[in-house]
Amino acid sequence: MNNLSLIFNRLNARAVSTIVQDLPITDFQVENEPCLGYMPGSPERKELEAALAKYESQTTDVPIMIGDKEYRTDHVRHQVIPHNHSHKLAQFYYATSELVQKAIDTAVAEREKWERVPLNVKFDMWLKAADLMGTKYRQDLNATTMLGQSKTVIQAEIDSAAELIDFLRFNALYAKEGTKWQPRSPDPKVTVNKLRLRGLEGFVAAVSPFNFTAIGGNLAYTPAMMGNCVLWKPSDTAILSNFTIYKIMREVGVPGGAVSFIPADGPVFGDTITKSPHLGAINFTGSVPTFQRLWTQVGQNLSNYVSFPRLVGECGGKNFHLIHPSADVTSVVNGTIRSAFEYCGQKCSACSRAYVPESLWPQVKQGLVATQKELKVGDVKEYDSFTSAVIDDKAFKRISGYIDHANSSPNLTIIAGGKYDDSVGYFVEPTIVETKDPKDKIMVEEIFGPVLSVYVYPDEKVDEMIQVANTSTPYALTGAIFAQDEAWLAKATDMLKDAAGNFYINDKSTGSVVAQQPFGGSRMSGTNDKAGGLQYALKWTSPQAIKQTMVPLTDVKYPYMG
Ligand SMILES: NC(=O)c1ccc[n+]([C@@H]2O[C@H](COP(=O)([O-])OP(=O)(O)OC[C@H]3O[C@@H](n4cnc5c(N)ncnc54)[C@H](O)[C@@H]3O)[C@@H](O)[C@H]2O)c1
Ligand SMILES: N[C@@H](CCC=O)C(=O)O
């Protein structure tokens, strides 16, 4: 009998006494996981190289996992290496609608048992997994992310090591803190009041994007930690790194019934889960159209659900850098290059529109163009690569379409980059476009690629630009302002209060860290549930208030009635 079965048996035996008396939560503290340096000759670099060689020498088979069983279907798919797309990194299988339904049935059947595993026990698993991810499996996570999602070493280390580990540790910490708040019991000899955190009834569908391995882990395993049974649908282009997370979580004791791993065609998965009466929640990160479709389907099925499904969606952005004439040019140039072009601009927080005053433009332009020339776009195994390929053929087509638009529009001038080539990998040069029109589609629509557009404004219109930055797009994810003028910083910070869920002053718009800059935006950028923040873990609970009265009720009449 394994540890978990022992716990289940113990719980069944004392089901009644746990109703009001949950196990006390053991205290623990956590810190952010530091990023390693990967200097030549360092142990982490050697381990990474071995892991890269291992995964590159094989096509890893990734099954569908439901409960403890592996499934494979005739819908065979491959995850390719984006910077060398003839190379098949992983083979996987699309789940049919019937298999998605089987996973729903499994989740619904297992939910009661998993929900009753005490939080303490779950926290132990999560902290153990974080430790394994920081040591034994760190380079498996990094190598599968580098090869599968074309991240450079530092971008993988930030994501699939540090951020993923931080999500596991800090969500456990925040959940633990969340259990501390209890309602008032003014006279416990008469009445005891208690709030207990329960998982949601039904199942949670976690639908994750390709661009952050850590986001997949967070979307699936934070609801699971809070007692929910989850169907995790990973992105086709992040299968291998995401399956690595799944395996580590199984190793630390998360049962197969708690999280099913369901690669599937998006609409097949979405249509099946939204039709189920047991849908408890959708935890989505991805594009606006996909989230809108899921929300609409939930609306159409509303009368069929057992509970109102909880909808969490973190979506796209059109993130701005707004530069004041007093700004420090070096910070502006370096911050903008990093934000716009790291990971090929495929961070939802990437800067893709900048507003620069005429007085600074000659220096800023010179800096941007000169720095862009130094950025090597290549294989992720070459340590001097600044970026690599974009994720797939669809992204390549979309991004190159915006470059073609820049080439053909009289309002737009490409001042750096502009070349693209998909013969070996999906390579797009970091591209900088100057626009005469601050409302051109290149300044309004999410591109999700290495294209930065700049509007140069007359200095005296700087306050007008605050409004332009605020109102030009449907998004409100991240934004940054750069200035030395403190009064203007205060004014712009006030005026841009609704323009971004994550707002930066004299810093780039990317690079949020779990527990330091909890992440998410509003307007069409999402429901702003702040991954990496205090509220997030509690979102996945349905608290129950319990009042227990210790004295008998002796009369139906009130004293004044005589
Ligand atoms: N705000 C944030 O925190 C955040 C973080 C990362 C990415 N993003 C956004 O994600 C987008 C890029 O990611 P992507 O290309 O993977 O997004 P996407 O919307 O194409 O896909 C996201 C996930 O949804 C699935 N999917 C597609 N259609 C579906 C359907 N009908 N029903 C159910 N699932 C479906 C996909 O297979 C994938 O797993 C960008 O818009 C980016 O800004 C946002
Ligand atoms: N945490 C990331 C954003 C995640 C979305 O892709 C950042 O701020 O760089």
Side-chain angles (χ1 to χ4, degrees), residues 77 94-95 100 149 151 155 158-159 162-164 166-167 205-216 218-220 231-239 242 262-275 282-298 312-319 338-339 342-352 390-392 394-395 398 445-449 475-478 480 500-504 507-533 536:
R77 311 279 302 179
Y94 268 169
V100 177
Q149 291 137 265
K151 289 207 170 187
Q155 294 305 317
I158 288 170
D159 167 14
E163 183 163 319
L164 177 60
D166 283 350
F167 273 137
V207 181
S208 54
F210 77 85
N211 70 330
F212 269 77
T213 301
I215 293 179
N218 186 42
L219 295 193
L231 269 65
W232 178 12
K233 197 213 92 53
S235 165
D236 291 3
T237 43
I239 288 286
N242 286 197
I262 315 284
D265 175 53
V268 168
F269 184 84
D271 294 357
T272 313
I273 55 133
T274 51
K275 277 194 196 117
I282 297 178
N283 196 10
F284 174 82
T285 297
S287 63
V288 173
T290 309
F291 190 49
Q292 283 174 332
R293 180 185 156 118
L294 286 166
W295 193 301
T296 304
Q297 287 179 308
V298 168
V312 169
E314 303 305 336
C315 303
K318 185 72 184 175
N319 312 296
R338 277 197 171 175
S339 177
E342 282 186 328
Y343 193 38
C344 296
Q346 296 174 118
K347 299 186 186 187
C348 55
S349 50
C351 171
S352 69
V390 301
I391 194 69
D392 60 13
K394 278 190 275 165
R398 184 186 64 243
E445 296 172 5
E446 184 181 46
I447 301 172
F448 215 57
Y475 300 104
L477 190 50
T478 75
N502 283 61
F503 190 67
Y504 295 86
D507 204 341
K508 64 185 168 52
S509 63
T510 54
S512 70
V513 173
V514 170
Q516 296 188 29
Q517 293 89 26
F519 193 78
S522 52
R523 297 185 185 158
M524 282 301 109
S525 291
T527 51
N528 198 15
D529 286 282
K530 287 286 181 266
Y536 190 78

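All values reported here derive from a predicted model rather than from experimental measurement. Ligands are counted one by one from 1 in listed order, and the atoms in each one are counted from 1 as well.
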*Give the atoms of ligand 1, by number and element, whose distance to some non-hydrogen atom of Gly270 is under 4.0 Å.*
32 (N), 33 (C)
*Going through the checks in order, is the side-chain contact (heavy atoms from CB on, under 4.5 Å) test met by Ile262 and Val100?*
CA-CA 7 Å; Ile262 315 284; Val100 177; 4.1 Å; yes
*Using a 4.0 Å heavy-atom cut-off, say whether Ile391 meets ligand 1 through its side chain, its backbone, both or neither.*
neither
_Closer than 4.0 Å to some heavy atom of Lys347 - which atoms of ligand 2 meet that?_
6 (O), 9 (O)
*Starting from atom 32 (N) of ligand 1, find the nearest protein heavy-atom neighbour and note its residue, name and distance.*
Gly266 O, 3.1 Å
*Examine the proximity of ligand 1 to Lys347 and report which part, side chain or backbone, both or neither, has a heavy atom under 4.0 Å away.*
neither
*Provide the number and element of each atom of ligand 2 under 4.0 Å from a heavy atom of Ser512.*
1 (N), 2 (C), 7 (C), 8 (O), 9 (O)
*Is there a side-chain contact between Phe519 and Leu477, using heavy atoms and a 4.5 Å cut-off?*
yes
*Which of the atoms of ligand 1 are close to Glu446, meaning less than 4.0 Å from one of its heavy atoms?*
40 (C), 41 (O), 42 (C), 43 (O)
*What atoms of ligand 1 come within less than 4.0 Å of a heavy atom belonging to Pro209?*
13 (O), 16 (O)
*Atoms of ligand 1 less than 4.0 Å from Ser235 heavy atoms?*
39 (O)
_Contact check, side chains of Lys233 and Leu219, non-hydrogen atoms, under 4.5 Å_ = no
*Can a salt bridge be assigned to the pair Asp507 and Arg338 using a cut-off of 4.0 Å between side-chain N and carboxylate O?*
no
*Is the shortest N/O to N/O distance between Gly511 and ligand 2 below 3.5 Å?*
yes
*Could you tell me if any non-hydrogen atom of Phe448 lies under 4.0 Å from any atom of ligand 1?*
yes
*Roughly how far apart are Asn218 CG and Tyr536 OH, rounded to 0.5 Å?*
4.5 Å
*Structural part of Ser208 in contact with ligand 1, heavy atom criterion under 4.0 angstrom*: backbone
*Over all heavy atoms of both residues, which pair between Lys508 and Ala480 is shortest? Give the atoms and the distance, please.*
C-CB, 4.4 Å
*Short list, please: which atoms of ligand 1 are under 4.0 Å from a heavy atom of Thr285?*
2 (C), 4 (C), 5 (C), 6 (C), 7 (C), 8 (N), 22 (C), 44 (C)
*asked:* Just to confirm my output: which protein heavy-atom neighbour is closest to atom 24 (O) of ligand 1, and how far is it?
replied: Val207 CG1, 3.2 Å
*Give the intermediate values and the outcome of side-chain contact (heavy atoms from CB on, under 4.5 Å) for residues Asn211 and Gln149.*
CA-CA 7 Å; Asn211 70 330; Gln149 291 137 265; over 6 Å; no
*Can you measure from CD (Glu446) to OG (Ser287) and round to the nearest 0.5 angstrom?*
8.0 Å
_We want to know whether Tyr94 and Asp236 form a side-chain donor-acceptor pair, criterion being a heavy-atom distance below 3.5 angstrom._
yes
*Which protein non-hydrogen atom lies closest to atom 14 (P) of ligand 1, naming both residue and atom, and how far is it?*
Phe210 CD2, 3.9 Å
_Considering non-hydrogen atoms of the protein only, which is the closest contact for atom 9 (C) of ligand 1, and what is the distance?_
Gly286 O, 3.3 Å
_Close approach, Glu163 and ligand 2, non-hydrogen under 4.0 angstrom_ = yes
*Is it the side chain, the backbone, both or neither of Asp271 that has a heavy atom closer than 4.0 Å to ligand 1?*
neither
*Looking only at protein heavy atoms, which one is nearest to atom 31 (N) of ligand 1, and how far off is it?*
Arg293 NE, 3.2 Å
*Would you kindly say whether Glu342 and Thr510 are connected by a side-chain donor-acceptor distance under 3.5 Å?*
no
*Heavy-atom nearest neighbour of atom 1 (N) of ligand 1 within options Ser287, Gly526, Gly521, Cys315*: Cys315
*Would you mind listing which atoms of ligand 2 come within a distance below 4.0 Å of any non-hydrogen atom of Ser349?*
3 (C), 7 (C), 8 (O), 9 (O)
_Side-chain heavy atoms of Tyr475 within contact of Val288, under 4.5 Å_ = yes
_If the cut-off is 4.0 Å to any non-hydrogen atom of Pro234, which atoms of ligand 1 fall inside it?_
39 (O)
_Within ligand 1, which atoms have a heavy atom of Ile215 less than 4.0 Å away?_
5 (C), 6 (C)
*Do any N/O atoms on Thr290 end up under 3.5 angstrom from N/O atoms on ligand 1?*
yes
*Report yes or no: is the cationic atom of Lys151 (NZ for Lys, CZ for Arg) under 6.0 Å from the centre of the six-membered ring of Phe212, at an angle within 45° of the ring normal?*
yes
_Asn502 side chain reached by Ser349 side chain, heavy atoms, under 4.5 Å_ = no
*Protein contact of atom 6 (C) of ligand 1 - nearest heavy atom, named by residue and atom, plus distance*: Asn211 OD1, 3.2 Å
_Could you check whether atom 21 (O) of ligand 1 has a protein contact, counting only heavy atoms that fall below 4.0 angstrom?_
no
*Decide salt bridge (Lys or Arg N to Asp or Glu O under 4.0 Å) for Arg398 and Asp392; before the verdict, give the C-alpha distance in whole Å, the side-chain angles of both, and the deciding distance to 0.1 Å.*
CA-CA 10 Å; Arg398 184 186 64 243; Asp392 60 13; over 6 Å; no
*asked:* For atom 37 (O) of ligand 1, what's the nearest protein heavy-atom neighbour? Residue, atom name and distance, please.
replied: Lys233 NZ, 2.9 Å
*Is any side-chain heavy atom of Lys347 closer than 4.5 Å to a side-chain heavy atom of Ser509?*
no
*Looking only at protein heavy atoms, which one is nearest to atom 4 (C) of ligand 1, and how far off is it?*
Cys348 SG, 3.1 Å
*Kindly compute the distance separating CD (Gln155) from SG (Cys344), expressed to the nearest 0.5 Å.*
9.5 Å
*Say whether Phe284 and ligand 1 are in contact under the criterion: heavy-atom distance to a ligand atom below 4.0 Å.*
yes
*Which one of Phe519, Tyr475, Phe291, Phe212 has a non-hydrogen atom at the shortest distance from atom 3 (O) of ligand 1?*
Phe519
*Check whether any side-chain heavy atom of Ser352 lies under 4.5 Å from a side-chain heavy atom of Phe448, and answer yes or no.*
no
*If you count the atoms of ligand 2 from 1 in the order shown, which ones are under 4.0 Å from a heavy atom of Cys348?*
3 (C), 4 (C), 5 (C), 6 (O)
_For ligand 2, which is the ligand I care about here, please tell me if Asn211 has any N or O atom under 3.5 Å from one of the ligand's N or O atoms._
yes
*Walk me through it: do Tyr343 and Asp159 pass the test side-chain contact (heavy atoms from CB on, under 4.5 Å)?*
CA-CA 11 Å; Tyr343 193 38; Asp159 167 14; over 6 Å; no
